[in-house]
Q: 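Submitted below is the structure of interest, expressed as C-alpha cells.
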Amino acid sequence: MQEYVNQIHRCFRCGYCTFPTDYSYFNCPSYRRFRFESYSTGGRLWLTYAWLKGEIDWSEHLAEILYSCTTCKNCVEQCPMKFASDIVDWIVGARSDMVEKSKIPPEVGRFLEAVQVYGNPFKLPRGERDAWADGIKRYESGDEYLFYVGCLGSYDENGQRMARGLAELLKQARISFGILGNEEECCGNEVYMLGEMGLFQMLAEKNIQRFKELGLTKIVTLSPHAYNTMKNNYPKFGADFEVYHYTQLLHDLIKKKTMKLSQNRAKVTYQDPCFLGRYNKIYDEPRQILQGIPGIELVEMERNREDSFCCGGGSGNFVMDLLAGGEESPSRVRVREAYETGADTLAVACPSCMTMFMDAAKEEGLEDRLTIKDVSQIMNESLPPGQQ
Amino acid sequence: MSDLYEALVNIVGKDCVSNQKEERYFYGRDPGLMKPHEPDYVVMPKTTEEIQEIVRLANKEKIPVVPKGAGLALTGLVIPQKGGIVLDMKRMEGILEVNEKARYVIVEGGTTHGVLKSYLQKHHPNLRHSIPDSPPIATVAANAMIHGQGRLTQQRGFNSDMVSGLEVVLPTGEICRIGSCSVSPYWFSKGPPLPDLTGLFLGWFGTTGIITKLALKLYPCKKIRDVMLFLTDRAELVPDIVLKLGHTEMMEDIVISTQPIPLRFKGNFFIVVFITGDSDEEIEFKRKMAWDTLWEYFDSRDGGFVSITPDMKAPMMAMPSKDTTRFADVRKGGGFEYSGPIAPVDRYPDFVKKLEELASDYNLSYASAARVIDEGHCMMFSFSYTFNRADPDEMDRAKKALDEAAKFSLDQGGVIWKPNIDEQRMMMARMDPNTLKLMGRVKELLDPNGIMNPGNWEAK
C-alpha cells in the first residue's frame, strides 16, 4: 500500500480521469460536485505528493479533498497511463498515512470510531442489528448460503426493505440460507477505502474466523461493497469462500427459469453500482434479470456500465456525505439523468445507491415521478399473485 | 485581502472562490517546467456579467487577473506570475448554438474540446471541429488563444484561423463583440469584411481580455477515416515528402513522428497520413493518390508505406490522441514538455538533428511529432523531452535542453509556439522594434492598469 509514495509523482494531471469514454461531460463525482481542479484525481494526487514532499502542510481542507473521492474507479477506467489500475490504491495509501497520523476529517473519524465501537457506522446498538429480520432463519450448518446483510441492510430503513425483500425472494426460490443476525459484523469495505488498515484487518479476520467456525462455504451479499471486499480483500487473510452478489443468484434463477414471473409493466433504468460494475465487471447479470421479467422495458442512462456515474455514496459517503449540498451533488445529478430517460423506475442493486437516491429524489422533487427500487424488489413484485 | 475575498464571494458565491492553500498550490503551477507562483484567489465564474464584476474589482484593487482553461500549454502561460486572481473558466461550459447551414458553433469561454466533440457526434454527426491532441479537458477558447493546432490544421490552418467570432470582456470591464456578430446575429466571420480585431486577443495569452464566447468554424465530418504510415530513414527527404502529399490537397492531417524507443524506431521517420471520405471509392482513390505521389521513394528504396496492425491503428485514430499524454510516463516520471517552433517545413532535418543532439547532451528521453500546417506553409515541430518529477536534476536538464532548443529554433528562423515568459522575452528581443512598440501600445490602450496576466508579453 505504501508503494504509492514512490509512484504518485507519475500523474501528469492530464484530466482524462474526469471524463467518461465519450467525453460527454464530467464523470468524476467530486470534480463534478466542486469543480476546483484540486478535487479531480490529478489534483488529489498532486496535492498528496506536495504533502509528502513537505511543500504543503496537512490541513482539514486537504483531508477533505482526499476523502471526497468516492473511490468509484472512473479515473481507473479513463486514465491513459500504465499506472491507471493503481490510482485507487494510491488514494487509499495516502488516506492510510493520514489515519496513522490521526489527521483525518472529523466525519471520517466519527465513521471509523462508530464501526470500531458499535460494529456499524450509524452508532446503533449491536443488539438491534437483526431488528429487521423477524422470521428470517439464522445460519446453521447445512445451509447452502450465508446471507451477509451488511450495515445498511441491517440498520437503514431503505436497506432493511431491500434485505427483507431479498430474503423473501430467496425463500420463494427455495434457496437454503441463513443470516448471522446480531452476530454479524461490519464487512469493512468502507473502512478499507478510508484507509484504516488496522481496523479493516481486525474486521476481516473476525469475520473470516466466524465464517470458518460455522463451516460455511458460500456467501451471498446484499451490498456490492461487501461483495467486493469479501471477494477481493478477504482472501489475503485466509478466506476461501465462494462469494456472490445477490444479482448473480437471481440471474441464475432467471436463466434456469426456476421461478415463474408474471407481467410487471414498468419502464426501468438501471444504476451500475461502482463496486459491482467497475470493480468486479458485473454489468450484464442485473440487466438480464430485468429484461427477463415480462413487461419490463429497460432503458439506459447515457452514462452506463464502465461509464456509469457514481451515486456519491462510496468510501463511507452514504453516511458522511462529503459531496452533499446543492444541485451538483452526484446523487441529485444522477436521479435527474434517470428521470430524463423517461423511466418511471430507477433500479439499483446496492443499498448505498438506494439510500443516496431516495434522498436525492426527494430533494429534486421527483419522489412521485421516479420510484427507486432494488432489482430484487422488482423481481419480487413480478412473482405471480400469492407468491409475492 | 479578506475584504477582497468577501467581494469575490459576493460576485460568484462562496463555493466558487478559494483562497485556501490547496487551490493556490494547484493553480500556481502547470505540468511543465516553469517555476510555480501561487495566486491569491481562485475563482470560478459562471457568467459574463460575473467576469465583468471581477475585472472591475481587480482594476479598483489593482490586482492581477489570469484567465485559465485547463492549464495544459505546459509552458506556464497561466501561472500567475504576480499572484492575484486565477479565473478557472470551465464553469462557463455551454454550447450555445450550432448553425448547421453556416457551419459554425458558438461556445462559452470554458467549454472543453472533449464536450464539444461529444456533442457534435451526437447532435450534428455531419460536422466536426479541429480537435487538438491535448487532453479533452483543454478548452476551445484557450486553445484558440494560444493559436493551437488540431486534426484539421493541415487543411485549414491554425485552430485560431477557424475562429469566426468572439465575445470578450475587455480589461476595463466592457463586453465587446468581434467579427460579423458585432453587426449581425450571425457569427460566420471573425473579421472580413470588417477589420479583423481578433488579432487583438488571439495569441495574447489573456493579456488583452477574457474570451467569454467564441464561434468556431465547423467542417464536414466524412463517414470514413483511415490512416497510412510512410516510413523513411532519411530526414532530409521529409520536407519534400510532406510537400508532395500536401500537393494532392487530399490529406486530412500529416504528422511526422520520430522516437528512439523501441530501438527499431530509432533513426526512422514515420509520416502519419490521415485520409477521409464518404465512400470506399473515395478513400481508395485518396490512398492511391498518396501511393502514386510517393512511389519514387519506394523505387529508390528510400521509403515506403508500412502495414498498420489493429493494435497500432486504434490509438493513431483516436481523437484526441492519448499517446501524446502517455509520453509523460514512458520512463515512469510523470513529466514531459516540448518546445514547439513554428517553422518552414524544410527546417525539419536540422531540427531533428538538434533534437537528438540535445537529448544526448542532457541525457534525456526524447520524441518529436511535427504537424504540417495549412498544406505545407509551415509546420509545428516539437522538441519533446520527458522528465521525472521526483528527480530535480533531470527536471533541470530538461529545462536547459528546452531553453537551448528555443534559441536554436529562433536562430533557424522559427517562431516559438505558446512561448513561456523566457521565450517571449527572447522573441521580443529579436522582434522588429516598431512591432514591439505597437504591441506595447495595444496592451497599454486595452489594459491601462496592467492587470491582465502580467508577466506575459511585457512589450515595453
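To find a chain, count down the sequence lines: A is the first, B the second, and so on, and within it residues start at 1. Worth knowing before you read on, the calculation uses all heavy atoms, side chains too, and leaves out hydrogens, waters and symmetry mates.
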Q: Chain A contacts: which residues in residues 121-129 of chain B have a non-hydrogen atom closer than 4.5 Å to it?
A: K122(B)
Q: What part of S321(B) is in contact with chain A, defined as an atom under 4.5 angstrom from a non-hydrogen atom: side chain, backbone, both or neither?
A: backbone
Q: I want to check something: taking the side chain as every heavy atom from C-beta on, are D329(B) and F12(A) in contact at a cut-off of under 4.5 Å?
A: no
Q: Can a donor-acceptor pair be found, under 3.5 Å and without considering hydrogens, that links the side chain of R35(A) to the backbone of K90(B)?
A: yes
Q: Which bit of V17(B) is near chain A, if near means a heavy-atom gap under 4.5 Å: side chain, backbone, both or neither?
A: backbone
Q: Pull out the residues in residues 298-336 of chain A that come under 4.5 Å of chain B, heavy atom to heavy atom, sorted by number.
A: E302(A)
Q: Under 4.5 Å from any heavy atom of chain B, what part of F34(A) do you find: side chain, backbone, both or neither?
A: backbone
Q: Applying salt bridge (Lys or Arg N to Asp or Glu O under 4.0 Å), run through E22(B) and R44(A) and close with a yes or a no.
A: CA-CA 10 Å; E22(B) 289 71 17; R44(A) 206 166 272 122; over 6 Å; no
Q: Can you say whether Y25(B) sits under 4.5 Å from chain A via the side chain, the backbone, both, or neither, judging by heavy atoms?
A: side chain
Q: Kindly check if the number of other-residue, nucleotide or ligand heavy atoms within 6.0 Å of CG (D393(B)) is above 12?
A: yes
Q: Can you say whether Y25(A) sits under 4.5 Å from chain B via the side chain, the backbone, both, or neither, judging by heavy atoms?
A: both
Q: Answer with side chain, backbone, both or neither: which region of R33(A) has an atom nearer than 4.5 Å to a non-hydrogen atom of chain B?
A: side chain
Q: Please identify, among A50(A), C79(A), G15(A), the residue contributing the most non-hydrogen atom pairs under 4.5 Å to chain B.
A: A50(A)
Q: I65(A) versus chain B, heavy atoms under 4.5 Å apart: side chain, backbone, both or neither?
A: side chain
Q: So is R13(A) actually on top of F26(B)'s ring, under 6.0 Å and inside 45° of the axis?
A: yes
Q: Decide yes or no for E23(B) and H61(A): does some side-chain heavy atom of the first lie under 4.5 Å from some side-chain heavy atom of the second?
A: yes
Q: Using a 4.5 angstrom heavy-atom cutoff, name the option from P80(A), C11(A), G42(A) with the most pairs to chain B.
A: P80(A)
Q: Non-hydrogen atoms of chain A under 4.5 Å away: do they reach the side chain of L74(B), the backbone, both or neither?
A: side chain
Q: Sort T112(B) into side chain, backbone, both or neither according to what part of it lies under 4.5 angstrom from a heavy atom of chain A.
A: side chain
Q: Need one label for C14(A): side chain, backbone, both or neither, based on atoms under 4.5 Å from any heavy atom in chain B.
A: both
Q: Please evaluate residues K21(B) and E55(A) with respect to the criterion salt bridge (Lys or Arg N to Asp or Glu O under 4.0 Å), reporting the C-alpha separation (whole Å), side-chain torsions for both, the decisive distance (0.1 Å), and the verdict.
A: CA-CA 10 Å; K21(B) 176 68 184 174; E55(A) 289 183 355; over 6 Å; no
Q: Hey, is the main chain of E37(A) close enough, under 3.5 Å, to the side chain of Y27(B) for a donor-acceptor pair?
A: yes
Q: Is it the backbone or the side chain of T18(A) that comes under 4.5 Å from a heavy atom of chain B, or both, or neither?
A: side chain
Q: Minimum heavy-atom separation for W46(A) to P31(B), with atom names?
A: CH2-CA, 3.9 Å
Q: Tell me, for D88(B) versus chain A, whether the close heavy atoms (under 4.5 Å) come from the side chain, the backbone, both or neither.
A: side chain
